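Residue numbers run from 1 in the order of the sequence given. Hydrogens, waters and symmetry mates play no part in the numbers below; they use all other heavy atoms, side chains included. These numbers were taken from a predicted model, which means no experiment stands behind them.
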Amino acid sequence: QYPSVGWLWRCAAGDPTLPDVVYGEGHPVRYPYHVNEYAHNYNNASGNLADFQEAIESSNRIMGGAIWDWADQTLLTDAGGRRVYGWGGTWGEKPEEGQGILDGIVTGDRRPEPSYFEAQHVYQNFSARLSDNGLRIVLVNKNYFRSSEDFDCRLTRLRDGSPCGAPEAVKVDLPPQGRTEIPLPSAGDAVRIEFALKRGEGVWPAGWVVARDQVNLSRKTPSFSPPAGTARLIEEASDRLSVQSGDRVYSFSRRTGELVSLRKGGASGIECLKAPMTLDAFRMPVGGETFYREGRMYFGRERLRDGLAELRPELLKLETPQPGEDGSLILKTVGRYRGARRLDAPRYGHALHTEILDLGPVDADAPGYVVTNEWRFYGEGVVRLKSSFSQFGRPTRVSRLGWRLVFDVARTEVEYFARGPVDNYPDRMSGSFRGRYRGWSDAFGGDYTVSQDTGCREQAEEVSLVDPGVTVAT
């Protein structure tokens, strides 16, 4: 149960010195090997599933493995008049498993979680990748007893995340466990390949896609060209400094140095921000970070006790805006951020309602950050921000560090160029393809039984909020 990726590679290679992962030394591995539990899908999990599968498929010594497991083990219950799915500890019983039984790739009522789509991609029986010399596409049939004759192969060229044209049929002849190569198309910076049924089979109709992959080619990032027009300083009040660019007005606090207002339509226009733009060094834990063992605190509680849940800004320097060599107006700020209160959530993930405890002010050596910002304002509302961060105080592990913006809209459409369309992370994104996607902000995350961090999109290059009409690009 639960071998590491490295252990599986040794197992697949037939390493005679490899001890059994359960029984240890003196118990050699017996073949063919089957992993009866691995890739525990503890809520927002299934990390490294693609790495496990690569090791499994590297030889015929491993038959495969079983994700633990298929569905969350929950019971529909009443909580203060609301019908919710309860889990270990919901009813105050002891002993209990807490979130440990929320380990399915589908929820208790069989709704797919994001990890479902990762498993779907990892386990599919056709794959595509770029050849070693980067000149062709390698297609592989992983089926042991079935050729590709019952499937249509389609290829779609993409540029900047959008299709260049209609899907093109590709004639391939792949015997069981066979592979072939096809030439790269002449246009586009990515290629999406699909295998679909020619005829219906059981519950699956003709045209049902049984496998899809994407091959990303080299892509030239568009260079920045300053827009027409200029920005200007329009207000230097005792409490704030404001710059206008096009119909946008950006206002900064003289007390904290933070962006506290973004108005669309001039100084008397519509306010877009609901809260100041501030440093964010905290995220809620995911399921695997909530395990607690005697004398060992889970990762999320460490961050709470360090005061990282809510950082307080302190202005160190705010310079008068100066004209830049590229026609911009430059504003430089230096600030310090540190938490104010030590918090704790000892029962997080073990009850329907999480109690947040206030443990008092942070320690004198609590971790914090010094942040240097350079804002460059151009015409037409365009702004470029360059930030540098340095940590001070007690060393701490950080799972997120960046800027948090809260816009004054309850719900908006979001367009983005990143890996999607479901949430993905560095160790779970093989089934999430780079492209342009559009959806509603309140449907951005995974629908987990327990609230936790979710909604990440890796390799994001551009995010646009349709209302209030704001685009953030890297």
Establish, yes or no, whether the cationic atom of Arg384 lies under 6.0 Å from the six-membered ring centre of Phe224 and within 45° of the ring axis.
-> yes
Would you kindly say whether Glu458 and Tyr425 are connected by a side-chain donor-acceptor distance under 3.5 Å?
-> no
Is any side-chain heavy atom of Trp403 less than 4.5 Å from a side-chain heavy atom of Asn373?
-> yes
Side-chain (Asp152) to main-chain (Gly207) donor-acceptor, under 3.5 angstrom | no
Look only at the side chain of Asp72 and the backbone of Thr74, and say whether a donor-acceptor pair between them is shorter than 3.5 Å.
-> no
Mind running salt bridge (charged side-chain N to carboxylate O under 4.0 Å, His left out) on Glu201 and Arg146 for me, showing each step along the way?
-> CA-CA 14 Å; Glu201 295 185 6; Arg146 192 171 189 181; 2.3 Å; yes
Are any side-chain N or O atoms of Ser245 and backbone N or O atoms of Arg248, one a donor and one an acceptor, separated by less than 3.5 Å?
-> no
Any chance the side chains of Tyr144 and Asn60 put a donor and an acceptor closer than 3.5 Å?
-> yes
Would Trp375 and Phe252 satisfy ring-ring contact (aromatic ring centres under 6.0 Å, His included), going step by step from the backbone distance to the final call?
-> CA-CA 11 Å; Trp375 297 83; Phe252 297 81; 5.0 Å; yes
Might you point out which heavy atoms bring Tyr31 and Gly14 nearest each other, and give the distance in Å?
-> OH-CA, 3.5 Å
How close do Ala128 and Ile193 get, heavy atom to heavy atom, and via which atoms?
-> CB-CD1, 3.9 Å
With sequence neighbours excluded, residues passing side-chain hydrogen bond (donor to acceptor under 3.5 Å, both in side chains) with Arg111 | Asp109, Asp447
Presence of salt bridge, Glu113 and Arg428, under 4.0 angstrom | no
Please check if the side chain of Arg436 supplies one atom and the backbone of Asp160 the other of a donor-acceptor pair under 3.5 Å.
-> yes
Side chains of Asp213 and Ser127: do they bring a donor and an acceptor to under 3.5 Å?
-> no
Closest contact, heavy atoms only, Phe151 versus Leu197 | CE2-CD2, 3.5 Å
Begin with the C-alpha distance, continue with both residues' side-chain angles, and end with the deciding distance and a verdict on side chain to side chain contact (heavy atoms under 4.5 Å, CB included) for Trp204 and Val210.
-> CA-CA 9 Å; Trp204 295 283; Val210 299; over 6 Å; no
Step by step, would you call Gln322 with Lys332 a side chain to side chain contact (heavy atoms under 4.5 Å, CB included)?
-> CA-CA 9 Å; Gln322 301 291 331; Lys332 295 182 179 181; over 6 Å; no
Are any side-chain N or O atoms of Asn143 and backbone N or O atoms of Pro176, one a donor and one an acceptor, separated by less than 3.5 Å?
-> no
Arg457 side chain vs Gly455 backbone, donor-acceptor pair below 3.5 Å = yes
For Tyr378 and Asp326, does a side-chain donor sit closer than 3.5 Å to a side-chain acceptor?
-> yes
Just by distance, with hydrogens left out, do Asn44 and Thr454 show a side-chain donor and acceptor under 3.5 Å apart?
-> no
Flag side-chain contact, heavy atom, 4.5 Å: Val35 against Phe52 | no
Under 3.5 Å: donor-acceptor pair, side chain of Asp280, backbone of Thr278 | no
For Pro19 and Thr17, work out which heavy atoms get closest and say how close.
-> CD-O, 3.2 Å
Under the 3.5 angstrom rule, does the side chain of Glu271 hit a backbone N or O of Asp408 as a donor-acceptor pair?
-> no
Between Glu310 and Arg404, does at least one N-O distance fall below 4.0 Å, as a salt bridge requires?
-> yes
Donor-acceptor contact present, side-chain Ser441 to main-chain Thr412, <3.5 Å | yes
Between Thr449 and Trp87: side-chain donor-acceptor atoms closer than 3.5 Å = no
Side chain of Arg419, backbone of Met429: donor and acceptor closer than 3.5 Å?
-> yes
